[in-house]
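Computed from heavy atoms alone, side chains included, the values below leave out hydrogens, waters and symmetry copies.
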Amino acid sequence: MKPTGTDPRILSLAAEVAKSPEQNVPVILLKLKEIINNTPLGSSELKKVKQDIYCYDLIQYCLLVLSQDCSRIQGGWTTISQLTQILSHCCVGLEPGEDGEEFYKELLPSAAENFLVLGRRLQTCFINAAKGEEKDKLLHFFQIVTDSLFWLLGGHIQLIQNVLQSDHFLHLLQTDNVQIGATVMTLLQNILQINSGDLLKIEGKTLHSILDEILFKLLSTPSPVIRSIATKLLLVLAESHQEILILLRLSACYKGLTSLLNKQETMTEFSRELRQLVGLLTPKIQQEVEEQKLHKAACLIQAYWKGFQTRKRLKKLPSAVIALQRSFRSKRTKTLLELNRQKEEEDLRLRLQLQRQRAMRLSRESRLSMLEIVHPGQVEKYNREMEEKSALTIQKHWRGYRERKNFQQQKPSLTEYKAAVILQRAVLKFLAKCRKKNELFASWHGLQELTDARRVELKQQVDDYVRRHPGSQMSDVASRELHAQAQERLQHYFMGRAIEERAQQHREALMAQISTNIEQLMKAPSLKDAEEKEPEHFLSRSRPVAAKAKQAHLTTLKHIQAPWWKKLGEEPGDEIDVPKDELSIELGTLFIGGTKPP
């Protein structure tokens, strides 16, 4: 929704931007600087102007221009640097109203990212520039872009975390150029003076990268300006944030940092800050205090952990007791079952022994009774028969036991034999399939070589066949004549086939034309509904066809108009002759072949 009471300068500028071509838009947007400069700072009028600029999407136009290639913009880096100043001044102190979410979450991060991208482009151009004057101009433009970025961050401190996490900012910080490096380090120092707490909110990897770069510039850069800024930055971070101080002291990445700082030159402009930094990194009393704090924290963590483990074990104690009782009862039940089983086996063994003794006793009693019944002369014979039966029974049981024992011993080998038979059968089937497949798809390998005896035999067979079936002799002249006749007939056949194909194509074309004409006639309107242009659709391109159609029409009319007594001898299919004079007279008023009568 457009605001009421808009500044006419903004309205005219927005209309001019909308109507102008793309290459003229950056130059037109520079007029915003004059409008902002002519408005008093801190006044309500300036806020209203900024709201009008945002509502008419002029800030978005500035962002689009900054994302374009510098070579395509009229005025080059001069125009771009001025647009960054305009964009930062418009965004700071702006109250977007209803579109606040889009402004804070999309437009401002995009503007900060564009400033960083422009800084990287200027850095590349500055490094590649050859002339001193050109380098001075590019450095001036780079400082304007960084100042605009700092102004934007000062008005919207929530963007500091986005800038510090940006890869473009890290690349700018890692430059080897002294002038660019000093400008970026100054920007970082100013940002941390605004809000250094955002440095702890970024990822650990990014934080380590920034600290590593600051330490590298402090220890390796020959420029005293960059070293001074790096020392002040580290001092501010160490004094402001205890976490960074602990990181610099205890991290393995920064081991030996204190000794390296002690080796730096003391007679410099930043020697006082350097001594303060070394003092922060190597205080014995504070180090002991920190160690005591860490020891207390470790004891507290151990106490909490041990308490947690004890409570956990106490919670599991009832279930452990129940499990122990269940295990004891299960083991006792198994022991009782085992004792009962042993007792039952012992009882069974005793019963079997008693049964055997009873059977032996009964056998002996029966034998004694049989001896009493048998005649004394037959006793020896009876005893011999009983011994033979006993021996046969013993032999039978022994042989059965021996065969069962042999079978059990031979069972593994029998199983192996059956498995070998199954494997051999499967392998033989597979080989047979492979041979069959090879015979089916094998290519021709040529004929086997013939022996001399076989050659003589085959030659004899060929000679016998030629002798039994002599061929007809033909002279060369007759052969040439026969060949010429065959060529002539073949040529005649091909010529006739071409003529037949053309005739067939002609017939098909005529049939298609007839079908089209029939369809057109079927769809034609009645004579009452016909218009003047519709008869033109039924003109024929052929005069004979038109004459034949006219003749058929006259015949039909004559047959219809004739009296009934003339139709007595006629059949419906008979043709009626029409005089040629009448036909020629009638044809004078007919459109034939698409031509008009003279």
Side-chain angles (χ1 to χ4, degrees), residues 439-448 450 455 458-525 527 530 532-560 570-598:
E439 291 174 0
L440 185 61
F441 296 102
S443 59
W444 185 71
H445 298 292
L447 297 175
Q448 297 180 355
L450 299 176
R455 288 194 184 91
L458 291 175
K459 185 177 181 181
Q460 186 66 29
Q461 291 179 5
V462 172
D463 293 340
D464 293 342
Y465 182 82
V466 171
R467 194 181 303 109
R468 287 195 304 269
H469 304 84
S472 60
Q473 298 294 330
M474 183 180 291
S475 62
D476 295 340
V477 178
S479 299
R480 292 191 182 94
E481 290 179 357
L482 182 61
H483 180 71
Q485 291 177 4
Q487 291 292 331
E488 184 178 357
R489 290 183 181 180
L490 184 62
Q491 184 178 4
H492 180 69
Y493 166 74
F494 281 118
M495 291 178 63
R497 189 174 67 175
I499 294 171
E500 289 179 359
E501 289 179 355
R502 288 196 295 271
Q504 181 65 24
Q505 292 177 359
H506 183 64
R507 285 194 296 271
E508 291 177 357
L510 290 177
M511 290 299 294
Q513 184 178 2
I514 291 171
S515 299
T516 304
N517 293 336
I518 290 172
E519 184 179 359
Q520 190 175 5
L521 288 172
M522 293 295 293
K523 294 181 181 179
L527 294 175
E532 295 181 359
K533 295 182 179 180
E534 290 184 357
E536 297 179 359
H537 299 160
F538 302 97
L539 296 179
S540 175
R541 297 181 180 180
S542 175
R543 184 177 291 273
V545 172
K548 183 65 178 178
K550 187 63 178 178
Q551 182 179 2
H553 179 65
L554 292 175
T555 301
T556 305
L557 289 177
K558 186 174 182 181
H559 181 71
I560 293 171
E570 296 179 357
E571 296 293 336
D574 295 342
E575 294 184 358
I576 302 173
D577 296 333
V578 180
K580 294 182 178 180
D581 298 337
E582 185 177 359
L583 181 62
S584 62
I585 292 172
E586 292 293 335
L587 289 175
T589 59
L590 181 67
F591 289 100
I592 298 174
T595 60
K596 294 183 179 180

Exercise. With side chains defined as the heavy atoms from C-beta onward, is the minimum distance between E488 and H492 less than 4.5 Å?
Worked result: no
For this session: From the options Q460, R455, Q461, select the one residue that forms a side chain to side chain contact (heavy atoms under 4.5 Å, CB included) with L458.
Result: Q461
Seminar exercise, completed: Taken in chain and number order and not counting sequence neighbours, the residues that satisfy ring-ring contact (aromatic ring centres under 6.0 Å, His included) with F494 are none
Problem set entry | Interatomic spacing from CD in E519 to CD1 in I514 - rounded to 0.5 Å | 14.0 Å
Problem set entry | D464: partners by salt bridge (charged side-chain N to carboxylate O under 4.0 Å, His left out), with sequence neighbours left out | R467
Output a table of donor-acceptor pairs, distance under 3.5 Å, between side-chain atoms of residues 499-508 and any protein atom two or more places apart or on a different chain; print 'none' if there are none.
residue	atom	partner	partner atom	Å
Q504	OE1	R507	NE	3.4
Q504	OE1	R507	NH2	2.5
Q504	NE2	E508	OE2	3.4

Exercise. Roughly how far, to the nearest 0.5 Å, is the CE atom of M495 from the CG atom of L490?
Worked result: 12.0 Å
